[in-house]
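The structure appears below as structure tokens.
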Amino acid sequence: MSEFEAKVSPGTKHAAASMRGDDSVVEEKVRFFEKLASSPGTYSKQSAFHSYTTRTTGGEWFTKSETTRISTSNNISSPPVGFEAYTAKENIIQELPVEPSPVAHVPIVSSAKHANNLFSQSARTNLQEYLPQLLPTVFDAPNFDPIADAQALRKAMKGWGTDEATILDIITKRSNRQRQEIYQAFKKEFGRDLISDLKKELGGDFEDVIVGLMMQPIEYEATELRKAMKGAGTDEKALIEILLTKTNGEMQRLVDCYNSLYETTLDDRIRSETSGDLQRLLILAVSCARDEHSFNPEKAHEQAMSLYNAGEKKLGTDEETFVILLGHAGRQQLLAVFEEYKAISGITLEQAVKSEFSGDLHKAILTIIQCMQSRPRYYAKRLHKAMEGLGTDDDTLIRILVSRSEIDLGNIKKEYETLYGCTLLSAIKGETSGDYKKALCAIVGSA
């Protein structure tokens, strides 16, 4: 069993068990948890329990009674409120392959409703045969001691000079869950805020990487949104990348976090910083307007024809038709529309959009199309764009590597090499230097 399978595959099967609604689900859930937590080289029981009780769009891994049962029998605490982790259940909904499944009678699905139907019908199949593997590059460190790490970090920042090597080695080689424990240990041991101390001791892009890693993932993305809309000008590219790549569940958590951190709501801030059709797309996204629970293949041809008539077939472009459909339809529906469009036009919708649109709306619509097909491939293209030509878009480079490191950065690496014929690691080494380069390379991992 691979390292990834040991850490993620049981949870994916676990999700299928939860969604089937069988009478034996509770026992099966408990057995999966016990097996996961006791397997060599996998999460500790506490870490497994945190990861597999994270709230998702479709509910929680364990009911309250099941949580009590497992935590009591294993002498572990319940996960903290707001603990962030990507779960297999949500990945089932968002990350199924674009191409038809090699397993007979297994359609592409894009919603919990369709997932429920799928799993109830396919006990005869092996879930792992058609579910893609999400490959993170950062994992829990073995033999973790948050107090020892806190003490080492304090020593690295105390007195004259700063030991950047120690800071880099600790922060980049711990999971986010472990970093949060280090943060709490640092505050308890020294009465100081670790992030504030790191900001005082570090600088430039290296500081941005380390501070980003120290933040909880959802808070990090919220602060990136804030930065994109703060001061003179707006970073529309960052808004598009963050807001138009989310499922409804991911978006709701991000909106809730942003609104809890800042006085102005995310909705109001977007309305004040953007305009026109781009604003409409972004507002639809933060309103969770996408219908992830409906799929009507018969309607796909009609929808594709409406896009063709609104673009290629007429002089000028009816942007509203594109915004309404691409802002509301779910992934499975859009994938069907994309296929129908190619049959009607002879070219892909992505090719048509490149000739019909320009500016930020062009970028926004392409983002939706590409993410519906493959999020890892989309992020690989964003990383390449950030590093091509003169200069480097360090903000984009840092944001993607930090935010995807515990989700699918391994998949992004594979897509990057397929698309551009070189490894992501080698590209980063050629564009960065010093401790900044070392930090990014540590996140990406070996080629």
Side-chain angles (χ1 to χ4, degrees), residues 7 36-38 41-55 67 70-72 74-86 136-203 206-223 253 257 260-261 398 401-403 405-407 435 438-440 442-443 445:
K7 294 185 177 183
L36 175 73
S38 61
T42 63
Y43 295 139
S44 65
K45 284 187 177 182
Q46 183 69 70
S47 176
F49 194 46
H50 284 184
S51 296
Y52 287 88
T53 50
T54 302
R55 185 178 297 276
T67 299
I70 292 172
S71 59
T72 302
N74 289 279
N75 192 30
I76 55 178
S77 61
S78 296
V81 176
F83 181 84
E84 291 298 324
Y86 259 67
T137 59
V138 175
F139 304 96
D140 277 347
N143 305 315
F144 173 59
D145 184 342
I147 296 177
D149 283 348
Q151 292 171 341
L153 288 171
R154 175 60 176 157
K155 182 179 179 181
M157 295 184 284
K158 191 175 182 179
W160 291 101
T162 304
D163 182 357
E164 288 89 353
T166 295
I167 295 172
L168 188 154
D169 188 60
I170 293 175
I171 302 301
T172 63
K173 294 181 181 179
R174 306 292 185 269
S175 67
N176 190 268
R177 180 193 67 81
Q178 292 176 328
R179 294 183 207 118
Q180 302 314 311
E181 291 190 39
I182 295 171
Y183 178 87
Q184 294 299 330
F186 195 91
K187 180 174 287 187
K188 184 176 180 180
E189 289 286 312
F190 307 109
R192 303 175 67 89
D193 185 280
L194 176 54
I195 292 179
S196 296
D197 281 5
L198 288 168
K199 289 180 177 179
K200 292 176 183 176
E201 296 292 328
L202 307 177
F206 180 53
E207 175 193 333
D208 291 341
V209 175
I210 297 300
V211 171
L213 290 171
M214 280 303 307
M215 301 177 72
Q216 292 192 38
I218 198 72
E219 184 181 356
Y220 175 67
E221 286 200 305
T223 60
R253 291 193 292 276
C257 180
S260 70
L261 291 174
I398 294 168
L401 296 185
V402 169
S403 65
S405 61
E406 294 186 44
I407 305 171
D435 290 325
K438 292 176 184 177
L440 294 185
I443 295 170

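Counting begins at 1 with the first residue of the sequence. The figures here come from the full heavy-atom set of this structure, side chains too, leaving out hydrogens, waters and symmetry mates.
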>> Asp193: which residues meet the salt bridge (charged side-chain N to carboxylate O under 4.0 Å, His left out) condition with it, sequence neighbours left out?
In response: none
Between [X] and [Y], what is the shortest heavy-atom contact and its length?
X: Ile170; Y: Ala152; value: CD1-CB, 3.7 Å
X: Ile443; Y: Leu401; value: CG2-O, 3.6 Å
X: Phe206; Y: Asp435; value: CD1-O, 3.5 Å
X: Cys257; Y: Glu219; value: SG-CA, 3.8 Å

>> Under the ring-ring contact (aromatic ring centres under 6.0 Å, His included) definition, can you give me all pairs with a residue in residues 147-174, not counting sequence neighbours?
In response: none
> With sequence neighbours excluded, what pairs up with Phe190 under the ring pair (Phe, Tyr, Trp, His ring centres under 6.0 Å) test?
Replying inline: Phe186
What's the separation between atom [atom1] in [X] and atom [atom2] in [Y], rounded to the nearest 0.5 Å?
X: Leu168; Y: Lys438; atom1: CG; atom2: NZ; value: 7.5 Å
X: Ser403; Y: Met215; atom1: OG; atom2: CE; value: 12.5 Å
X: Ser405; Y: Ile407; atom1: OG; atom2: CD1; value: 7.5 Å
X: Leu153; Y: Tyr183; atom1: CG; atom2: OH; value: 13.5 Å

Contacts of type side-chain hydrogen bond (donor to acceptor under 3.5 Å, both in side chains), residue [X], not counting sequence neighbours:
X: Lys199; value: none
X: Arg192; value: Asp197
X: Ser175; value: Asp140
X: Gln180; value: Asn176

>> With salt bridge (Lys or Arg N to Asp or Glu O under 4.0 Å) as the rule and sequence neighbours excluded, what pairs involving residues 159-176 come up?
In response: Asp149-Arg174, Asp169-Lys173
> Of all residues at least two apart in sequence or in a different chain, which pass the side chain to side chain contact (heavy atoms under 4.5 Å, CB included) check with Ala442?
Replying inline: Thr172
> What residues, two or more places apart in sequence or in another chain, satisfy side chain to side chain contact (heavy atoms under 4.5 Å, CB included) together with Gln184?
Replying inline: none
>> Here's a test for you: under side chain to side chain donor-acceptor pair (under 3.5 Å), which of Arg177, Arg179, Gln178 qualifies with Glu181?
In response: Arg177
>> So Met157 and Leu202, do their side chains get closer than 4.5 Å, heavy atoms only?
In response: no
> What residue among Asp208, Val138, Ile171 forms side-chain contact (heavy atoms from CB on, under 4.5 Å) with Leu213?
Replying inline: Ile171
